[in-house]
2 protein chains.
Amino acid sequence: MTARRTRYAAYGGSTRPPYTITGTDTRRHLDTEIVSCHICFMMKSVTNGEAPTLDQARRQVEHYGLDADPQAVLVAVRLISAGARVGRAAEVHFARFGLSTGRYRLLADLEDHGGEKSPSRLAADLDVSRATVTGLLDGLEREGLVARRPSAEDGRGTVAILTARGAQRLRDMAPEHFGRLEAMVGGLSVAERTVFLDLLARVVRGSEALADD
Amino acid sequence: MTARRTRYAAYGGSTRPPYTITGTDTRRHLDTEIVSCHICFMMKSVTNGEAPTLDQARRQVEHYGLDADPQAVLVAVRLISAGARVGRAAEVHFARFGLSTGRYRLLADLEDHGGEKSPSRLAADLDVSRATVTGLLDGLEREGLVARRPSAEDGRGTVAILTARGAQRLRDMAPEHFGRLEAMVGGLSVAERTVFLDLLARVVRGSEALADD
DNA sequence: CCCCAATAGTTAGCTGCCTAATCATCGGGG
DNA sequence: CCCCGATGATTAGGCAGCTAACTATTGGGG
């Protein structure tokens, strides 16, 4: 059979190249369009990255007869939305180097720590569960970027070590990686960056209000 | 056999309550601790939500002999980190109401649009792929919060409609939901919120620098 | 000196998100 | 009038994150 015409057989050997994120096929629509709605007619601006709208927030709050501040709601919703958006952009970014955000963070943390660390420490420092670290290490070990070695002091423990190949990967991607990160915040002045860091930290601290109880 | 002692049998019927996010078992460690490292000894402050550090960013940039601005790198990395953090908090929040962030966003968008919308429109407006919308609708339909109906005009199309049960769910959760969102940004003054919205939008727009090419 | 609670790591199963491929239908150009 | 490209929706497969449960080891208290 011709290799190209096979339908489901191609999946049989799991021969899909890992991390082939290229971009969404749902192309962005026009800047502005009329939206017909059962309740009202409204202009919906789809200016990139600025959804949802203050109008939407206001409408929702009013709809349920609450006295919440629409602007406050908007900030919260935008942050959640922005987080997902930036997270996806980061995933596309790291896919270039055959990594994911999680795998890169683990590699970089290992490098910063001298090349050795236990999975538990990694989980704590990366702020993910130990199970996630197991999964990340599995993938990285398969590609030869890290290795696992039983701990010398603790019979239960393991040590993750950065391999030469892993260190090389980090070195190779560094110029483009840091260049793109810099470009990402290039639209802000130094003063604005300082303000942004402060406000971001305070909102993140406030986001515990979502999970608390 | 006693229902409590069963090991894997409990999974047999897939009788796991959906969305039982309660919090991580990796409890936070102390505020400050000494970290021994092959290269250096350093104080590692784990002040909640303020990792990674400017020092880490500076060290990394220097390590590879680049001339990137450490503060710019820090802003980018913090935003990515904060996005994941806030995203997880949101997931915990929505789990309270038997929803996920994606499912809530779909429901709310439907409600705001008069209760009817095609999956393609939902995908475009929520900024996710159509495949994701299919998955979200599957879950919501299973719980009776939305229904699918073939489109009247287009033989290919489907219309997702908000059911009475779905509208009720939104109504029930509204007070607590908006209250928590408001609390989340309660640490910011109105002026600061305005600034934050502006800066956030600009950084999100800049985050295209990660995915572009 | 032994036992048991705490800890380290893994595994199983879930969700959300993605891309690529598939199937059905619409609709305009030759 | 028919055909083929464009579009709507789903399916299949993959990764990352989570919780809960399981196994193995450590180490302190009775």
Side-chain angles (χ1 to χ4, degrees), chain A residues 5-27 84-85 87-88 90-92 94-95 99-103 105-106 118-124 126-139 148 150-151 153-160, chain B residues 6-12 14-27 84-85 87-88 90-92 94-95 99-103 105-106 118-124 126-139 148 150-151 153-160:
Chain A
R5 280 277 181 219
T6 54
R7 314 241 156 181
Y8 278 72
Y11 288 120
S14 185
T15 38
R16 193 121 159 285
Y19 294 113
T20 41
I21 297 173
T22 54
T24 321
D25 76 332
T26 58
R27 44 198 78 56
R85 206 185 191 76
R88 251 177 301 149
E91 221 62 57
V92 173
F94 288 116
L99 296 174
S100 67
T101 303
R103 290 188 190 179
R105 291 218 307 140
L106 196 156
S118 78
S120 290
R121 279 295 310 265
L122 283 168
L126 298 176
D127 196 31
V128 298
S129 71
R130 284 171 303 160
T132 295
V133 169
T134 296
L136 294 176
L137 285 177
D138 284 346
R148 270 188 264 228
S151 167
E153 304 98 35
D154 194 328
R156 300 165 292 180
T158 308
V159 178
Chain B
T6 54
R7 314 246 155 177
Y8 275 72
Y11 289 121
S14 185
T15 38
R16 194 120 160 284
Y19 296 113
T20 41
I21 297 172
T22 54
T24 321
D25 75 332
T26 57
R27 43 198 78 57
R85 207 184 190 78
R88 252 177 300 151
E91 222 62 59
V92 173
F94 288 115
L99 295 175
S100 67
T101 303
R103 289 188 190 180
R105 291 218 306 141
L106 196 156
S118 77
S120 292
R121 279 296 308 262
L122 284 167
L126 299 175
D127 196 31
V128 297
S129 71
R130 282 171 303 163
T132 296
V133 170
T134 297
L136 294 176
L137 285 177
D138 285 347
R148 270 189 263 227
S151 168
E153 304 99 33
D154 194 328
R156 300 165 292 181
T158 308
V159 177

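Chain letters run A, B, ... following the sequence lines, proteins first and then strands; every chain starts at 1. Reckoned from all heavy atoms, side chains included, excluding hydrogens, waters and symmetry mates.
- Note on A/S120: every side-chain N or O is 4.0 Å or more away from OP1 and OP2 of C/dT7.
- Evaluation of the side-chain hydrogen bond (donor to acceptor under 3.5 Å, both in side chains) rule for A/T132 yields A/S129 as partners, not counting sequence neighbours.
- When the side-chain nitrogen and oxygen atoms of A/S100 are compared with OP1 and OP2 of D/dC15, none of them lie within a distance under 4.0 Å.
- Donor-acceptor pairing under 3.5 Å, judged by distance alone, is present between the side chain of B/R156 and the base of D/dT7.
- If you take CZ of B/F94 and P of C/dG16, they are 13 Å apart, rounded to a whole angstrom.
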Give each protein N/O atom lying under 3.5 Å from an N/O atom of nucleotides 1-5 of chain D, with the pair distance.
none

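- Residue B/A131 is classed as a base contact, given a heavy-atom separation below 4.0 Å to a base.
- Close to D/dG8, at under 4.0 Å from its OP1 or OP2, lies no side-chain N or O of B/S151.
- Residue A/R130 places no side-chain N or O under 4.0 Å from the OP1 or OP2 atom of C/dT10.
- A sub-4.0 Å separation between OP1 or OP2 of C/dC18 and a side-chain N or O of B/S129 is present.
- When rounded to the nearest whole Å, the span between CG of A/D127 and P of D/dG17 equals 11 Å.
- Of the candidate nucleotides C/dT7, C/dC17, C/dG9, C/dC17 has the atom lying nearest to any side-chain atom of B/T132.
- The residue among A/G155 and A/G102 whose nearest nucleotide of DNA chain D lies closer to the 5′ end is A/G102.
- Here CG of B/L122 is found 11.0 Å from OG1 of B/T158. Values are rounded to the nearest 0.5 Å.
- Taking atom CG of residue B/L122 and atom P of nucleotide D/dG8, one finds them 13 Å apart after rounding to whole Å.
- For B/R88, no side-chain nitrogen or oxygen approaches OP1 or OP2 of D/dG17 to under 4.0 Å.
- Contact annotation for B/G135: no contact, since no heavy-atom pair falls under 4.0 Å across all strands.
- Protein atom CG of A/L126 is 15 Å distant from nucleotide atom C1' of D/dC18, rounded to whole Å.
- Atom CG of A/L137 and atom C1' of C/dG9 are 10 Å apart (whole Å).
- Residue A/R103 places its side chain closer to D/dC15 than to any other of D/dC15, D/dT11, D/dT26.
- In this entry the distance linking CD of A/E91 with C1' of C/dT19 reads 14 Å, nearest Å.
- Under the rule for a side-chain hydrogen bond (donor to acceptor under 3.5 Å, both in side chains), the partners of B/T101 that lie at least two apart in sequence or sit in another chain are B/E91.
- A/R130 is listed as a side-chain neighbour of A/S120, based on a closest heavy-atom distance under 4.5 Å.
- Comparing C/dG16, D/dG8, C/dT10 by their nearest atom to the side chain of A/R148 picks out C/dT10.
- A/T134 comes within contact range of at least one nucleobase, with a heavy-atom separation under 4.0 Å.
- Here the closest heavy-atom approach between residue A/D127 and residue B/R85 is recorded as OD2-NH1, 3.1 Å.
- If you take CG of B/D138 and P of C/dG16, they are 10 Å apart, rounded to a whole angstrom.
- Taking atom CD of B/E153 as the reference point, atom C1' of D/dT7 lies 15 Å away to the nearest angstrom.
- In this structure, the side-chain hydrogen bond (donor to acceptor under 3.5 Å, both in side chains) partners of B/R148, at least two apart in sequence or on a different chain, are B/D138, B/E141.
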